Number of protein chains: 2
Amino acid sequence: MSPRRRYDRGVTTRAESAAATRRALLTSAAELLDEGGLEAVTLRAVGARAGVTRGAPYRHFPDKESLLIAVGTQAWERLGERTRTLRADPELSAAGKLRGALTALIGVGRTQPHLYKVMFSNPPGDPAALARAAEPTQTEFLAIVADLVGERDARRYAALLIGSASGIAGMEVSGQLPHEKWGGVSAEELVDILVGMVAGEHRPA
Amino acid sequence: MSPRRRYDRGVTTRAESAAATRRALLTSAAELLDEGGLEAVTLRAVGARAGVTRGAPYRHFPDKESLLIAVGTQAWERLGERTRTLRADPELSAAGKLRGALTALIGVGRTQPHLYKVMFSNPPGDPAALARAAEPTQTEFLAIVADLVGERDARRYAALLIGSASGIAGMEVSGQLPHEKWGGVSAEELVDILVGMVAGEHRPA
DNA sequence: GTGAAGAGATGACAACGTCATCCGAAATTC
DNA sequence: GAATTTCGGATGACGTTGTCATCTCTTCAC
């Protein structure tokens with residue numbers, strides 16, 4: 001089998017080729033995570049899907065953990081962009097923006113549960129890595145909450161809302177919500193109640 | 001080194017000895033989890049701490065996953081007992097019981113973060129195992145909520161409260177709460193706000 | 001006592017993360 | 001434009017881990 005020429009996946013320069021490989025590793029890892037969960041993400045499998053061998057990832061990430069952190073960070077960035085877009089939408093009310101942002105978070109949990117878990121994980125080597133990655137997104141969120149309840153209570157309620165939503169989504173991910181015992185409530189319904197309560201406490205005095 | 005006689009750890013009968021070994025494996029795993037996180041829980045280490053060799057655990061658990069599930073299940077059972085005790089306490093108001101139960105959950109997150117994560121994990125081989133283990137405890141919880149908000153809304157609010165509390169505790173575990181940006185709010189404060197809102201919505205009409 | 005049963009020890013294997021080393025093409029230098 | 005450096009990727013190897021097959025030896029049933 002003719003060894004496909006290196007530095008040659010449609011791009012010519014070495015730097016570009018390396019960047020392409022890095023991206024391929026990242027998306028390969030994300031795909032494997034989605035399809036088979038954390039246990040399916042092995043450096044060998046990631047490398048194979050990206051078209052390289054097991055040792056190649058070490059040219060782009062110091063170790064496996066760093067690769068997973070990068071995947072989770074990317075997810076937080078996407079969520080941050082989505083939240084920023086919502087905040088900038090002039091058509092939406094403050095409560096609407098809030099609902100949208102929380103729904104987006106829940107959506108990740110529903111459509112990509114394994115990724116969702118990584119986003120809230122604590123890698124042994126750098127337990128705060130994902131927390132750092134989440135910060136910009138949470139700041140965006142904080143701004144939305146401030147618009148709804150005012151600067152004074154914003155921090156408190158933002159922490160409450162994002163914590164609650166992540167927990168509710170987490171329970172759905174864990175399969176603890178859709179039980180009939182709980183009346184088949186969906187995560188969205190619960191968030192609606194929550195937003196309603198928070199907004200209710202801050203109705204025009 | 002004289003090989004310590006088997007079936008002889010202070011007990012005589014084989015059945016009792018086996019049961020003792022099983023308990024030792026369980027507590028060894030829990031200790032290792034507390035001390036060094038999931039990565040520290042290896043069957044070899046668990047066996048060594050329990051005084052047996054790497055293969056012995058397979059006489060008591062089909063695989064490593066089952067051992068971890070057992071550890072998490074035990075934690076849910078303890079939390080369930082604590083919740084039951086709270087519910088039966090005639091000194092406490094409904095809101096007080098609720099606060100106590102949620103605080104107990106948060107306490108696990110704070111004092112045993114790794115165990116907490118296991119309690120909400122989804123083992124690849126049996127993703128719903130911990131959800132099943134959590135059920136009795138949640139039922140207990142549901143009863144407390146029903147006392148506070150009435151049967152009609154109990155399910156909804158119970159799901160809301162347990163989801164929110166678990167998420168808030170989860171954020172604290174992940175190190176996403178104690179940031180100064182969020183005003184240094186504690187998980188307990190957030191739960192207080194939450195309970196206040198729920199109870200507030202159901203004040204005597 | 002004799003046989004069956006089962007807990008534990010031991011050896012082995014495959015898969016994994018990781019490292020040291022080697023290879024070769026691209027970038028850089030003169 | 002030739003020599004040299006740089007560096008992404010391939011390859012071989014090692015230690016650790018989960019797991020299984022096998023063996024040993026104590027306890028239980030009869």
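Naming: A, B, ... by sequence-line order, numbering from 1 per chain. Everything numeric here is computed off the predicted structure, so don't read it as measured data.
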Quiz item: For A:A154 and A:V145, which heavy atoms make the closest approach, and how far apart are they?
Solution: O-CG1, 3.7 Å
Self-check item: Closest non-hydrogen atom pair, A:L130 against A:W76
Solution: O-NE1, 4.0 Å
For [N], does OP1 or OP2 lie under 4.0 Å from any side-chain N or O of [X]?
X: A:T42; N: C:dG17; result: yes
X: B:H60; N: C:dG6; result: no
X: A:T21; N: D:dG8; result: no

Practice problem: Would you indicate whether the side-chain heavy atoms of B:Y116 and B:L105 approach each other to under 4.5 Å? | Solution: yes
Quiz item: Under a 4.5 Å cut-off applied to non-hydrogen side-chain atoms, are B:L26 and B:L67 in contact?
Solution: yes
Euclidean distance, atom [atom1] of residue [X] to atom [atom2] of [N] [Å, nearest integer]:
X: B:R59; N: C:dG6; atom1: CZ; atom2: P; answer: 10 Å
X: A:E39; N: D:dG18; atom1: CD; atom2: P; answer: 14 Å
X: A:R22; N: D:dG9; atom1: CZ; atom2: P; answer: 12 Å
X: B:F61; N: C:dA7; atom1: CZ; atom2: P; answer: 12 Å
X: B:D63; N: D:dT19; atom1: CG; atom2: P; answer: 5 Å
X: A:R54; N: C:dA15; atom1: CZ; atom2: C1'; answer: 12 Å
X: B:R44; N: D:dG18; atom1: CZ; atom2: C1'; answer: 7 Å
X: A:K64; N: C:dA15; atom1: NZ; atom2: P; answer: 15 Å

Exercise. Using a heavy-atom cut-off of under 4.0 Å over every strand shown, decide if A:V46 touches base, sugar-phosphate, or nothing.
Key: nothing
Exercise. Would you classify B:T53 as touching base, sugar-phosphate or nothing, given that sugar-phosphate means primed atoms plus P, OP1 and OP2, and contacts are heavy atoms under 4.0 Å?
Key: base
Practice problem: Verify, without hydrogens or angle tests, whether B:E65 (side chain) and B:G125 (backbone) share a donor-acceptor contact under 3.5 angstrom. | Solution: yes
Quiz item: Would you say A:K97's side chain and A:T83's backbone share a donor-acceptor pair under 3.5 angstrom?
Solution: no
Quiz prompt | Proximity to DNA chain D (any heavy atom under 4.0 Å), residues of residues 23-34 of chain B only | solution = none
Quiz item: Can you tell me how far the NZ atom of B:K117 sits from the CG atom of A:N122, to the nearest 0.5 Å?
Solution: 4.0 Å
